[in-house]
2 protein chains.
Amino acid sequence: VSAPGSDPEALLEAARFGERVALARVLSIVERGGEPSRAVARLAYRAPVPYSVGLTGAPGSGKSTLTDRLIGAAQEGWPRRGAPGPEAVAQIGVLAVDPSSPFTGGAILGDRVRMQDHATDPRVFIRSMATRGHLGGLTLAVPDAVRVLGAAGLALVLIETVGVGQMEVDVASAADTTIVVVTPGWGDSIQAAKAGLLEVADLFVVNKADRPGVREAVRDLNQMLDLAPPGEWRPPVVETVATTGQGVEGLWTQIAAHRALLVDKGLLEVRRAARLERELRRVLRVRLDEEVTRLGEGHRFEAQLARVVAGEIDPYEAADALLVAELGGRAGTAE
Amino acid sequence: VSAPGSDPEALLEAARFGERVALARVLSIVERGGEPSRAVARLAYRAPVPYSVGLTGAPGSGKSTLTDRLIGAAQEGWPRRGAPGPEAVAQIGVLAVDPSSPFTGGAILGDRVRMQDHATDPRVFIRSMATRGHLGGLTLAVPDAVRVLGAAGLALVLIETVGVGQMEVDVASAADTTIVVVTPGWGDSIQAAKAGLLEVADLFVVNKADRPGVREAVRDLNQMLDLAPPGEWRPPVVETVATTGQGVEGLWTQIAAHRALLVDKGLLEVRRAARLERELRRVLRVRLDEEVTRLGEGHRFEAQLARVVAGEIDPYEAADALLVAELGGRAGTAE
């Protein structure tokens, strides 16, 4: 493979022509963050946005197997019989995200093995992402990675989160369609409500629906949904058995229906604009965190600290002086 | 009581002359944070610094009863027989800090009841502090409160933390002498090491030393201390039974010895300078957090967001534009 240096533009161009090594390298740049990743963002954010589907849920709920099945469904272009839905997708991106792990760990390796149906399929690009500990971390890197996949010509990206924390929910819910996966054994829907999942879910999947308790799980979820104010879309509750494929066609139909609603009502633009606003606020926070680091390093910091230690000024006055001296303008003035 | 308005200077002056209501009002200003608390800081950081003793440890380790006993010891000016140590202290401040509770809760009320020996003693000023949820919260408010007590003329402040999280350890370890309280039932010293307590402790107390397992607890702690590099001061391990007062005189002697070492070797200044550096960094962070909030509100933010939504620029470019426009100077330039 003739991977073209580390120039983002050349790498993205190569990725567009199917060079997977080039695409992997651009994603590594995004994952590492910093100035090189910003150069990538400058290009990627001008490209078409891929349709993104997020999957979140407790470990063991079968998200990876379900993702595997959805790849197949997307490739076959379900539903087939005239119902509204996306065309068959030429190439599908899969981001397996694990915010809790500093490096690619066992869970993701396990997922990769489970996804082996598609691991060597040139029409599927699977990438695991773990935080490298830089400021802002995955909550910035994942949306950037989705944009990169779009710039490389992929039309559909599945974002699967491995854990169950707030960051996992944040990552998975920053998609066009968000799927929350539960199992009959997961207990009642109160847990989903507690975790804030009712608010982010566009679709619920009760996976492992061949196990006892599936009716209760579906009923509980529907009862919780009955309490929510009615809107344009009531999240359907879909039963699947990912290991056999049962119910996956129905799930894909619902994904397609949700996408059609977003497109037809103009809600896709609204949703993406709201997402960009959250992204911009996150970037601002990271940039100002960098300023804190920088302000705490220079000789001006040492000079102000010396005055605080000498009892001449208090830390608040010192901070204001640093903000005015280093940032200028309106910063650091008393409100 | 003739509490003088809400002018920080007048309130502090009244507090210096023993008006407890005025002192309580200044501390409330500090607790609420914001610009009024900065006016207080401007005055308080120019006043003499009180000697501060922090107590941290798991709930149920008897910290409150021990604090109660230390108040008595400080008032009587232990040790009596010519050993080095502080003079009898005219007025003692006690800050009971609970970062985990948004409001003054049951635990602190319970502590106050346990401290009832001194609750009506005019020589003791007891204040419970809980976070009010403002940025920076208690990690800024507690050092400010210590300075306020100094400005009101108090020479000694005991800082007792109620919980066991990292913030509690941060608060208690930001004292001139830090005491870590364990009990025989607390398990082996590995727990203390795990919690980072070995690094911050100037003294260890094994309280409830009338219970089984006290020898093992003392031995475990000493074995852990044997592994640390030798320095100017090896944290002593003191056995106490706070409920009867047993060992408290010995503990006070050790506190006095630690203070004498810090003063004689010039280490007190070094320690306080390092503490002020951490405080200044925290203040900088809070000030920049305020900038994020402000940057995310104005019409400039809306204009940049509109450009991102239109696909003209990416969120990083928008953030840089906002930083340059709002803060000016060097901020927002590419490194």
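Lettering of chains follows the sequences in order, A, B, ..., and the numbering in each one begins at 1.
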- request: Could you tell me whether the side chain of A:Arg42 and the main chain of B:Asp314 form a donor-acceptor pair under 3.5 Å?
  value: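 Pair absent, no side-chain N/O of A:Arg42 close to backbone of B:Asp314.
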
- prompt: Backbone N or O of A:Glu312 within a donor-acceptor pair of the B:Arg46 side chain at under 3.5 Å?
  reply: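 Judged by distance alone, yes, a pair lies under 3.5 Å.
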
Distance, nearest 0.5 Å, that separates CD of B:Gln304 from CG of A:Leu280: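 Result: 8.0 Å between the selected atoms.
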
field: From B:Leu323 atom CG to A:Arg287 atom CZ, the distance as rounded to the nearest 0.5 Å
entry: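 Going from the CG atom of B:Leu323 to the CZ atom of A:Arg287 covers 5.5 Å.
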
- prompt: Taking only residues two or more places apart in sequence, or in another chain, which ones meet B:Val308 in a side-chain contact (heavy atoms from CB on, under 4.5 Å)?
  reply: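 With neighbours one apart ignored, the set is A:Leu276, B:Ile313, B:Pro315, B:Ala318.
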
field: Non-hydrogen side-chain atoms of B:Val40 and A:Tyr316 separated by less than 4.5 Å
entry: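 Answer no - side chains too far apart.
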
query: Picking from B:Glu277, B:Glu279, B:Arg147, which has the most non-hydrogen pairs under 4.5 angstrom with chain A?
result: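 Option with the top pair count is B:Glu277.
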
message: My understanding is that only residues two or more places apart in sequence, or in another chain, count here; which of them pass side-chain hydrogen bond (donor to acceptor under 3.5 Å, both in side chains) with B:Arg278?
response: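 Checked B:Arg278 against side-chain hydrogen bond (donor to acceptor under 3.5 Å, both in side chains); zero matches.
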
task: Might you confirm whether atom CD of A:Glu9 has over 12 heavy atoms from other residues, nucleotides or ligands at distances under 6.0 Å?
output: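 For A:Glu9, atom CD is not crowded (no more than 12 foreign heavy atoms under 6.0 Å).
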
- request: May I ask you to check if A:Arg281 and B:Phe301 form a cation-pi contact, with NZ or CZ under 6.0 angstrom from the six-membered ring centre and within 45° of the axis?
  value: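 Here A:Arg281 passes the 6.0 Å and 45° test against B:Phe301.
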
